[in-house]
Amino acid sequence: MVLRVTDVDQARVWQTFLTVLVIYTAWVSPFEFGFLKKPKAPLSITDNVVNGFFAVDIFLTFFVAYINKATYLLVDDQKQIAWKYTRTWLAFDVISTIPSELIEKISPTPLQSYGLFNMLRLWRLRRVSDFFSRMEKDRNYNYFHVRCVKLICVTLFAVHCAACFNYLIAARYRDPKRTWLGATMDNFLEQSLWTRYVTSMYWSITTLTTVGYGDLHPVNSREMLFDIFYMLFNLGLTAYLIGNMTNLVVQGTSRTRNFRDSIQAASSFAQRNQLPARLQDQMLAHLCLKFRTDSEGLQQQETLDCLPKAIRSSISHYLFYSLVDKVYLFRGVSNDLLFQLVSEMKAEYFAPKEDVILQNEAPTDFYILVTGAVDLVVLKNGVEHVVGEAKTGDLCGEIGVLCYKPQHFTVRTKRLSQLLRLNRTSFLNIIKANVGDGTTIMNNLLQRLKEHNDPIMDGVLMETENMIASGRMDLPVSLCFAAVRADDFLLHQLLKRGVNPNESDNNGRTALHIAASKGNEKHVLLLLEYGANPNVRDSDGNVPLWEAIVGGHESVSNVLVENGANMKYGDMGEFACIAAEQNNLNLLKDIMHYGGDITLPHSITGTTALHVAVSEDNVEIVKFLLEHGAAIDKPDMQGWTPRALADQQGHVDIKAIFESTGDPKPQPFVAIHENQGKVRYLGRFTSEPTMPLYHDASFLARDGSWSQSRPSPRRRSNSNSNIFHNSLIGIMSTAQKGQKNFFLPINIDNAAKKGVKSRVSSVRVTISCNEKGEVGGKLVLLPGSFKELLEIGARKFGVFPPLRVIFKDGAEIEDIEVIRDGDHLVFVSADHGVLSSNCPTPTNGKLL
């Protein structure tokens, strides 16, 4: 079993405990080697206890995963762990753990000196080195203090070892009186251990500090030889200590020295060039602020620049996203755009009375104020006038950047301020990848310019609108932008430049949706003239005709119908539910009038308008829906039927209506006037040649005309549906095709030949002929073509062609595709001038 070290705290506690034991070993091993001839308690007992802990550590090392230094991957294979430890440190660890008493008994006579093998335990000092390296990198400990402690420990260990070795030389010499210790202390072997150890430490320190040998000095050749090497070692040790201490002191004062040098250089530069006092003060204030932020750990941008992009983005998002989200320029934009913008912004500090932007400066950056306040200053006739103030969350310099004009104001801080800076190039690159958001940003800017009510801003607004219309703006502008602003000139210019008339925003709404909702008939006609699809759906299933009906714009509704608009291309179930929820009977009638079916369920919930009317207890709307074919036993997605809802909610009147209602009546279609083929245009917009327009295959019907097929259940999307053809790939593909887009129209007949089942094979209809007395009707399957339907009528009722087929309410049928399951069809002779009272006269138009 391999142990994975997952608890860092427990691992560090064990390593720290072993480090304390190593410090004990570093002191006792040289001491026993120099001063003791045989084991003595309690040192011998303590030594064996310490050896036991290191033996446990050896055992654990065989089961601890390690990091491969070549691949930086965690190695947890037990065989690899054992092999790595065996061929590296195992032998040294085992030898340093064997008890000294055992070594003394089994070793040869010349090596039977107690403590000689104890010196091998100094191999454990590598753990102390690792411990200090880890402490130096630990942010919880002061680096200066850790380094000082390390230098002190190195010095004490060197002094201690030298003292023990030098005493050993004197104690083992043949003539004790001819030694450095015997020359000053008679019978030193009989002195206490403490006296001998202190005297040896005194000699070691005097030699290390090079104060000379006034009272203690080497006597015999062995001592002299040892002192030679010891003093050579002291040269390196002293250099190491002095170098490290100097480095620590210099490091603590270098920042202040550099600051003073910078201040002196800046002052000399200002005086040499005779700069104005205000500029001198700004220079010095900026340098002082930089030193203060550095010394107080406020180097925010310097710290972020050292991190990977993902971490920088996360930090910027945490610090500034909520602020940027409230800026007026970015109201209504997507979260993706805001995240990208925040990631590119740079946080900067500015001292009081410091210029951030200069009047008439090139528009390279704009700023968002995080903390502090700034004045907006205008220079007129050589005199500065404060014309405004910006506070937290306000923008500075955005007009110059977005309109590419020289900056209008000098922006000067009133107190210590933090600002977010965004470069113009980075900003435009992000906007070009988010076209819909660029439109929102421009609209926010123009709206703010209008709100200023200032002659200067009015001029900027007019000039900016002219730049947009002429295409000289770097920001992308869409048709939706022009439609929202009701800008005739801009809309016409964009269409002339070949912009896709079906271009949509983030919610799938096109300019035609917007124009219809606003009741702008002129824009509707212009968009239709340039090929806008009258039946295009947005993300909510709304079509332009529905927008016009809801807004009460009858003239716009008529224009759309004349150009092929029909309610059946929208989510009629949702439309009917909305009308029922609003208790708006007229809206339900309008839906029917423009070709809608008010009995269809909601595409997501399965709820019908009758469900909603029952829930609202609106008896009038319930009656109207039942009269037009609403089913009282049709369940929604949760299994509730209108009848069950009425029972559950206790609506007595509605329950009575349901009980008195027989089978539901079939839903008739209201005829569309025959003049729908005529397209009416504005005369002054009809002659300009245009670039080929981008079209989507989903808008093509079988015959190649524009239509909109019913989509699958929708889901809301945050992405812009027109991003592809504005991207690099879309531009390249368009260029390769020579600005032409070809689509193959779908042929339903060919699909049927390949085995695709036609919808009419399962549709049942009721047919009758009042002329022949067949009022009740006969139930038949709907044939595959209109010609076959006429043949069935002639065969069943003996009415010979020419024939006409109408609905029971009188609308004439000319296409098999408009007939639905459960419809009641009536056959009449084409030359039958006067029909019976039971057969309505087809005066309501034709249903195509």
Side-chain angles (χ1 to χ4, degrees), residues 22-48 50 96 99-101 103-105 107-122 125 152-238 241:
V22 171
I23 294 175
Y24 165 79
T25 301
W27 176 82
V28 76
S29 295
F31 180 81
E32 291 176 344
F33 178 60
F35 289 89
L36 301 181
K37 292 183 179 182
K38 59 181 180 180
K40 289 185 178 181
L43 290 180
S44 59
I45 299 175
T46 307
D47 287 347
N48 291 329
V50 171
S96 63
S100 299
E101 294 85 351
I103 294 295
E104 185 179 7
K105 292 180 179 180
S107 62
T109 302
L111 299 178
Q112 289 182 353
S113 175
Y114 177 70
L116 179 60
F117 279 92
N118 285 2
M119 296 300 293
L120 295 177
R121 297 174 186 171
L122 295 180
L125 286 174
I152 293 173
C153 291
V154 170
T155 304
L156 292 178
F157 177 72
V159 171
H160 172 71
C161 288
C164 295
F165 294 158
N166 203 42
Y167 175 81
L168 179 66
I169 294 175
R172 306 294 172 87
Y173 195 69
R174 61 180 181 273
D175 186 3
K177 292 184 178 181
R178 295 189 65 243
T179 62
W180 69 273
L181 191 56
T184 58
M185 185 184 301
D186 294 335
N187 299 322
F188 68 90
L189 294 175
E190 298 178 359
Q191 298 293 326
S192 66
L193 184 61
W194 172 253
T195 302
R196 286 176 284 164
Y197 179 72
V198 172
T199 305
S200 299
M201 288 293 292
Y202 171 74
W203 170 87
S204 181
I205 290 178
T206 57
T207 304
L208 175 65
T209 55
T210 65
V211 296
Y213 292 97
D215 50 355
L216 299 175
H217 56 85
V219 176
N220 56 62
S221 58
R222 291 182 185 179
E223 295 173 350
M224 291 179 183
L225 187 62
F226 175 77
D227 288 350
I228 289 173
F229 286 103
Y230 181 52
M231 286 187 286
L232 289 175
F233 168 76
N234 285 343
L235 292 176
L237 180 62
T238 303
L241 295 175

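The first residue of the sequence shown is numbered 1, and numbering continues consecutively from there. This structure is a prediction, so every number in the text was calculated from the model and none was measured.
One distance of note links CD1 of Ile205 with CG of Leu156; it measures 8.0 Å at 0.5 Å rounding. Rounding to the nearest 0.5 angstrom, the gap separating the CG atom in Leu43 from the CG atom in Asn48 is 11.0 Å. Distance CZ/Arg172 to CZ/Arg222: 11.0 Å, rounded to 0.5 Å.
At a threshold of 4.5 Å between non-hydrogen side-chain atoms, the residues Trp203 and Thr199 do not count as touching. Side-chain contact check for Asp47 versus Tyr24: some heavy-atom pair is nearer than 4.5 Å.
Nearest heavy-atom pair, Arg121 versus Ser96, reported as atom, atom and distance to 0.1 Å: CG-O, 3.1 Å. Residues Ala171 and Leu189 come closest through the heavy atom pair CB-CD2, 4.2 Å. Between Leu208 and Thr238 the shortest heavy-atom distance is O-OG1, 4.2 Å. Among all heavy-atom pairs drawn from Ala26 and Phe157, the shortest one is O-CE1, 3.6 Å.
Partners of Ser204 under the side chain to side chain donor-acceptor pair (under 3.5 Å) rule, at least two apart in sequence or in another chain, are Tyr230. For Asn187, the side-chain contact (heavy atoms from CB on, under 4.5 Å) criterion is met by Glu190, not counting sequence neighbours. Residues that satisfy the side-chain contact (heavy atoms from CB on, under 4.5 Å) test with Phe165, not counting sequence neighbours, are Phe33, Met119, Cys161, Phe226. Every residue meeting the side chain to side chain donor-acceptor pair (under 3.5 Å) condition with Thr195, not counting sequence neighbours, appears here in chain and number order: Ser192. Applying the side-chain contact (heavy atoms from CB on, under 4.5 Å) rule to Ala170 yields the partners Thr179, Trp180, Leu181, Phe188, Glu223; only residues at least two apart in sequence or on another chain are considered. Annotation: side-chain contact (heavy atoms from CB on, under 4.5 Å) contacts of Leu235 (sequence neighbours excluded): Leu232.
For residues 160-171, every residue pair satisfying the side-chain hydrogen bond (donor to acceptor under 3.5 Å, both in side chains) rule, not counting sequence neighbours, is listed here: His160-Tyr197, Tyr167-Arg196.
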